[in-house]
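Following: one structure in structure tokens, then a few remarks.
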Amino acid sequence: MTADATRVLVLNSGSSSLKYQLLDMNGGTRLAVGLVERIGEPASRLVHTPLAAGGDKRERTEPMPDHDAALKAVADELSEDGLGLDSPELAAIGHRVVHGGLKLTEPTVIDDAVLKEIERLVPVAPLHNPANLTGIRTAQRLRPDLPQVAVFDTAFHSTMPEYAARYAIDVETADAHRVRRYGFHGTSHAYVSRETAKLLGKQPEDVNVIVLHLGNGASASAVAGGRCVDTSMGLTPLEGLVMGTRSGDIDPAVIFHLERNAGMSSEEIDALLNKKSGLMGLCGDNDMREIRRRIDEGDKRAALAFDIYIHRLRKYIGAYTAVLGRVDAVAFTAGVGENAAPVREAAVLGLEEMGLAVDARLNAERSDEARIISPEYARVVVAVVPTDEELEIANQTYALVSS
Ligand SMILES: Nc1ncnc2c1ncn2[C@@H]1O[C@H](COP(=O)(O)OP(=O)(O)O)[C@@H](O)[C@H]1O
Ligand SMILES: CC(=O)OP(=O)(O)O
Ligand SMILES: [Mg+2]
């Protein structure tokens with residue numbers, strides 16, 4: 001890395017999306033941000049915002065069959081602003097990698113052994129690790145000379161106590177197959193819990209926070225003094241909350257029942273629980289905006305899907321209140337958590353006895369800043385704290401390559 005190479009490109013490859021940011025770490029400015037959605041569908045859409053070059057959004061809708069095509073389109077957009085991947089100012093590319101297993105718990109410069117390990121973990125992150133791998137391989141092809149750094153969703157949760165991480169199943173079987181709870185969205189839970197402490201004017205060591213990361217994938221975590229002590233996702237990102245297309249918690253016997261009595265294969269059940277369940281499975285829509293619109297029009301299926309989503313969320317708030325003993329703050333984040341006021345309101349409705357309440361006016365306000373939405377009198381602070389996985393990944397990537 002040369003002394004004037006201070007830029008980091010961050011790639012956050014989701015199952016069907018690619019979010020990216022180009023940052024200059026010398027001063028911490030964002031040069032470009034963007035998103036490719038609906039990768040693999042006929043009308044993939046790229047929205048690119050060149051912040052350094054005036055900031056006028058550019059959009060492209062065209063078929064992008066996979067993450068390789070999406071990343072090439074992103075590279076073209078960056079080139080158009082003179083910010084191409086060939087720039088000598090680029091110091092590294094940082095990749096969000098969802099599953100790092102037991103071995104990969106720190107930001108890591110990617111070599112063949114790391115790639116192999118990420119690949120080995122594909123069965124336990126089937127929607128995510130393949131996309132992450134494609135992103136890494138394409139970036140390596142475009143810039144073979146640059147350090148590529150992986151930052152793992154599982155990392156923040158790796159300090160969970162054994163009694164929270166271990167499933168109550170036969171120990172030998174579990175250990176032989178590394179079956180345990182890993183947890184995901186860790187980069188977000190870490191960032192948001194720290195930002196929440198800041199919002200309270202305290203050090204992370206001094207606060208207990210429940211973080212509710214509600215995006216398309218959704219997870220809750222209990223963070224005690226800056227350390228994750230429990231989280232709702234498990235071996236894979238399927239456990240826990242009701243999500244856009246994933247069921248979250250179910251009785252595992254549902255699977256055997258469907259295998260034995262509905263003649264479904266394990267592949268079919270996997271697809272059912274990961275892609276055709278959650279809000280989508282319940283009402284045919286996975287987008288909270290659409291669900292709220294339907295509820296406003298009196299749609300009963302959408303209303304029931306919403307109630308099921310909220311019921312699960314409230315159970316986790318209660319559970320993590322018990323896990324933490326003392327809760328200083330509940331932080332809502334990610335697409336739904338940051339934007340859906342009705343979700344936040346319903347999640348704590350009637351929980352004054354637990355110290356939880358939201359102020360209707362504060363909850364309805366819109367802002368990109370972290371903010372408190374609970375009334376003065378409430379014992380627990382309820383807050384909206386926007387996540388920034390890309391910034392967190394850029395910081396960790398740059399710290400690693402410049403050390
Ligand atoms: N204005 C909004 N109101 C309600 N929900 C929203 C709004 N904007 C986004 N969302 C929800 O956020 C989800 C995407 O969240 P995001 O954190 O970007 O997810 P992911 O990273 O998993 O793709 C959408 O599917 C939608 O349900
Ligand atoms: C781990 C996970 O569920 O990620 P996402 O929310 O991006 O799908
Ligand atoms: Mg996300």
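Excluded from the calculations below are hydrogen atoms, water molecules and symmetry mates; all remaining heavy atoms, backbone and side chain alike, are included. Remember, it's 1-based here, ligands and their atoms both numbered in the order they're listed.
By the criterion of a heavy-atom distance under 4.0 Å, the side chain of D153, and not its backbone, is placed next to ligand 2. Only side-chain heavy atoms of K19 come within less than 4.0 Å of ligand 1; its backbone N, CA, C and O stay farther off.
The side-chain hydrogen bond (donor to acceptor under 3.5 Å, both in side chains) analysis of residues 69-79, with sequence neighbours excluded, yields the pairs R58-E77, R60-E77, D68-K72.
Using a 30° and 60° split on the angle between ring planes, F184 and H99 fall in the perpendicular class, above 60°.
At least one cation-pi condition fails for R194 and Y191: the charged atom is not both under 6.0 angstrom from the six-membered ring centre and inside a 45 degree cone around its axis.
Closest heavy-atom approach to atom 27 (O) of ligand 1 among the candidates E389, M288, R366: M288. Nearest residue to atom 6 (O) of ligand 2 from H185, H213, K19, M243 is H185 (criterion: closest heavy atom).
Side-chain contact check for D251 and H257: no donor-acceptor pair (N or O, by modelled atom type) lies under 3.5 Å. Checked by atom type, the side-chain pair S221/H189 shows a donor-acceptor distance below 3.5 Å.
Of the protein's heavy atoms, R246 NH1, 2.8 Å lies nearest to atom 3 (O) of ligand 2. Protein heavy atom closest to atom 26 (C) of ligand 1, with residue, atom name and distance, is D287 OD1, 3.4 Å.
Proximity of R96 to ligand 2 is established by a heavy-atom distance of less than 4.0 Å. Put simply, part of G217 is less than 4.0 Å from ligand 1, judged by heavy atoms.
Residues V10 and R96 fail the side-chain proximity criterion, which asks for heavy atoms closer than 4.5 Å.
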